[in-house]
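Note that the numbering runs from 1 along the sequence shown for the chain. Computed from a predicted structure; not experimentally measured.
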Amino acid sequence: MTIESFTCRACRGHEIRTILDLGVTPLANALVEAGESNQKEESFPLVVVFCATCSLVQITETVPPETLFRNYVYFSSFSDTMLAHAATIAKRLVKERGLGPASLVVEAASNDGYLLRNYVEAGIPVLGVEPARNIAAQATERGVPTVAEFFGAELAERLATEGRKADVFHANNVLAHVADLNGFVSGIASVLKPGGVAVIEAPYVRDMIEHLEFDTVYHEHLCYFSLTALDALFRRHGLSIIDCERLAIHGGSLRIFASPTATLSAEASARVKALLAEEKANGMTGESYYRDFASRVWALRDSLRATLGKLKAAGKRIAAYGASAKGSTLLNVFGLGRAELDFVVDRSPHKQGKFTPGTHLEICPPERLLEAMPDYVLLLTWNFKDEILSQQAEYRRRGGHFVLPVPEVLVV
């Protein structure tokens with residue numbers, strides 16, 4: 001189906017095709033405070049579309065960034081996987097780029113400083129840009145200088161004018177959150193030194209489609225990138241993607257390295273060429289690649305509901321792990337709530353004591369699993385499966401089981 005009124009966020013094209021309509025859902029990170037569960041929650045359409053002009057996959061609804069990000073509940077430091085991932089790339093770039101006390105590393109959406117603190121510990125100046133005021137304050141307290149602003153063309157120009165241009169610019173899992181893609185990428189071009197490099201990570205749309213990661217879709221994630229779509233976007237602003245890597249993190253991500261075109265040799269890296277060719281050969285630049293995604297999502301819904309229904313019919317008690325954004329999408333879209341699940345646990349104390357959006361399940365510390373010993377736990381944060389299953393070894397030793405919902409229902 002074509003959507004006449006919507007224009008592509010990247011190329012402004014009008015050839016827009018619907019891929020998946022998930023209905024109307026609450027904001028995935030709008031946790032409900034205790035005592036407020038009777039208040040009406042804001043909900044918005046969640047429709048995924050494909051731009052036939054530039055190949056960008058995106059949602060149609062734009063919730064104001066001030067609503068989504070000024071007071072945020074996701075702190076990256078509560079994931080051991082994220083901390084290790086950040087340390088690895090920081091150490092690598094310090095070595096590869098020869099960074100030192102005269103360098104500057106800038107990160108957009110720097111969260112609580114989980115990545116930049118690795119540079120601080122190495123004696124390298126940093127600047128975090130984090131719109132969530134509560135999180136920016138914590139990062140600054142931890143020794144990571146952070147401004148509580150949204151990154152974009154205006155801020156980038158100001159930083160450049162002040163002489164604060166970056167040798168390395170990081171943007172991990174933020175480009176997908178940006179409504180003004182062109183303003184953000186032009187900002188990267190402004191704030192980079194002539195020989196600087198931007199290192200961008202975003203969930204890879206190929207993994208989302210092929211591994212049925214529909215729960216990656218929520219209102220904060222406006223876009224779902226292929227290398228083809230990113231290549232066109234960055235070239236539009238004088239930046240070239242000089243290298244790329246596929247990563248396992250977050251269920252499958254793409255990491256790109258981009259630099260000002262003027263500093264490049266004529267040839268991009270072999271990996272960039274190979275992946276662009278692969279995407280074309282796989283049909284990712286056309287609508288047909290995405291055509292059966294919706295039917296596969298609804299088949300998964302039926303399978304998961306049937307599995308949980310059988311367990312409940314047998315008298316089993318079920319909880320969930322991870323009061324995450326993707327968990328919110330899964331629960332609300334699949335119609336799962338108090339009838340199936342007793343409570344949710346999460347490591348973050350910033351979420352504990354609150355309730356999940358739409359479904360109003362109580363969020364408890366992970367210790368609740370050993371106290372209550374539910375027979376099964378639905379793993380909503382399946383992207384951190386190995387970390388969580390390891391942490392919950394005692395629960396499993398006592399006979400507890402986990403239900404993995406994506407890409408297919410699996411009990412472990």
Side-chain angles (χ1 to χ4, degrees), residues 7-17 19 48-59 89 108 151-153 156 168-192 194-210 216 221-247 250 252-290:
T7 57
C8 175
R9 299 176 187 278
C11 74
R12 311 311 299 170
H14 293 277
E15 292 188 65
I16 305 299
R17 311 284 190 266
I19 295 172
V48 186
V49 298
F50 171 77
C51 174
T53 304
C54 74
S55 301
L56 180 63
V57 175
Q58 55 207 288
I59 64 171
I89 187 60
F151 181 83
V168 173
F169 178 93
H170 281 285
N172 284 358
N173 300 300
V174 59
L175 193 60
H177 296 194
V178 175
D180 182 10
L181 284 175
N182 290 293
F184 191 96
V185 178
S186 71
I188 295 175
S190 297
V191 83
L192 273 180
V197 65
V199 185
I200 316 292
E201 292 184 20
Y204 189 25
V205 71
R206 179 174 176 181
D207 291 303
M208 182 181 91
I209 298 298
E210 295 184 0
T216 301
H221 279 176
L222 300 171
C223 298
Y224 308 86
F225 294 105
S226 62
L227 184 60
T228 301
L230 286 169
D231 185 54
L233 173 63
F234 276 72
R235 286 183 183 278
R236 190 176 301 121
H237 299 284
L239 295 170
S240 289
I241 297 175
I242 57 174
D243 203 356
C244 64
E245 298 167 352
R246 291 186 67 178
L247 309 172
H250 292 308
S253 297
L254 191 62
R255 176 191 283 157
I256 64 167
F257 300 81
S259 286
T261 304
T263 68
L264 299 178
S265 62
E267 297 296 317
S269 83
R271 279 190 288 199
V272 173
K273 290 182 177 180
L275 191 52
L276 287 171
E278 204 172 292
E279 289 185 351
K280 186 174 182 179
N282 287 347
M284 291 176 63
T285 56
E287 180 188 0
S288 60
Y289 178 81
Y290 306 92

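In terms of heavy atoms, Arg236 sits closest to Ala10 at NH1-O, 3.0 Å. Residues Val191 and Ala156 come closest through the heavy atom pair CB-CB, 4.3 Å. When every heavy atom of Thr216 is checked against every heavy atom of His221, the shortest pair comes out as O-ND1, 2.8 Å. Across Leu192 and Ala258, no two heavy atoms sit closer than the pair CD1-O, 4.1 Å. The heavy-atom pair separating His237 from Ser186 by the smallest distance is ND1-CB, 3.6 Å. What you find for Cys54 and Cys51 is that their closest heavy atoms are N-SG, 3.5 Å.
For the pair Cys223 and Leu56, the minimum side-chain heavy-atom distance is below 4.5 Å. Asp207 is listed as a side-chain neighbour of Arg246, based on a closest heavy-atom distance under 4.5 Å. The side-chain heavy atoms of Ser269 and Ile242, taken from C-beta on, include no pair separated by under 4.5 Å. Looking at heavy atoms from C-beta onward, Met208 lies in side-chain contact with Val205 at the 4.5 angstrom threshold. Contact annotation: the side chain of Ile209 never approaches that of Met284 to less than 4.5 Å [non-hydrogen atoms, C-beta and beyond]. Put simply, the side chain of Arg206 reaches to within 4.5 Å of the side chain of Leu275, judged on heavy atoms. The shortest side-chain heavy-atom distance between Leu239 and Ser259 does not fall under the 4.5 Å cut-off. For the pair Leu230 and Leu175, the minimum side-chain heavy-atom distance is below 4.5 Å.
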Glu245 and Phe257: side chain to side chain contact (heavy atoms under 4.5 Å, CB included), yes or no, with the steps?
-> CA-CA 9 Å; Glu245 298 167 352; Phe257 300 81; 3.8 Å; yes

Where do Arg235 and Ser240 land on the side chain to side chain contact (heavy atoms under 4.5 Å, CB included) test, with the steps shown first?
-> CA-CA 6 Å; Arg235 286 183 183 278; Ser240 289; 4.1 Å; yes

Check the pair Val199 / His170 against side chain to side chain contact (heavy atoms under 4.5 Å, CB included), numbers first and verdict last.
-> CA-CA 5 Å; Val199 185; His170 281 285; 3.9 Å; yes

Evaluate side chain to side chain contact (heavy atoms under 4.5 Å, CB included) for Ser55 paired with Phe50, printing each intermediate quantity in order.
-> CA-CA 6 Å; Ser55 301; Phe50 171 77; 4.1 Å; yes

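Distance CZ/Phe225 to CG/Leu181: 5.0 Å, rounded to 0.5 Å. Distance check, rounded to the nearest 0.5 Å: CD1 of Ile59 to CD1 of Ile19 gives 12.0 Å. For the atom pair CG of Leu276 and CG of Leu227, the computed distance is 4.0 Å after rounding to the nearest 0.5 Å. The line from CG of Asn172 to OG of Ser253 is 9.0 Å long, rounded to the nearest 0.5 Å. To the nearest 0.5 Å, the span separating CZ on Phe184 from CZ on Arg9 amounts to 14.5 Å. Rounded to the nearest 0.5 Å, atoms CG (Leu233) and SG (Cys8) are 9.0 Å apart.
A distance-only check finds no donor-acceptor pair linking the side chain of Thr7 to the backbone of Gly13 [under 3.5 Å].
The aromatic rings of Phe151 and Phe169 lie tilted to each other, with the angle between the two planes from 30° to 60°.
In this structure, Tyr290 has its ring center at least 6.0 angstrom away from the ring center of Tyr224.
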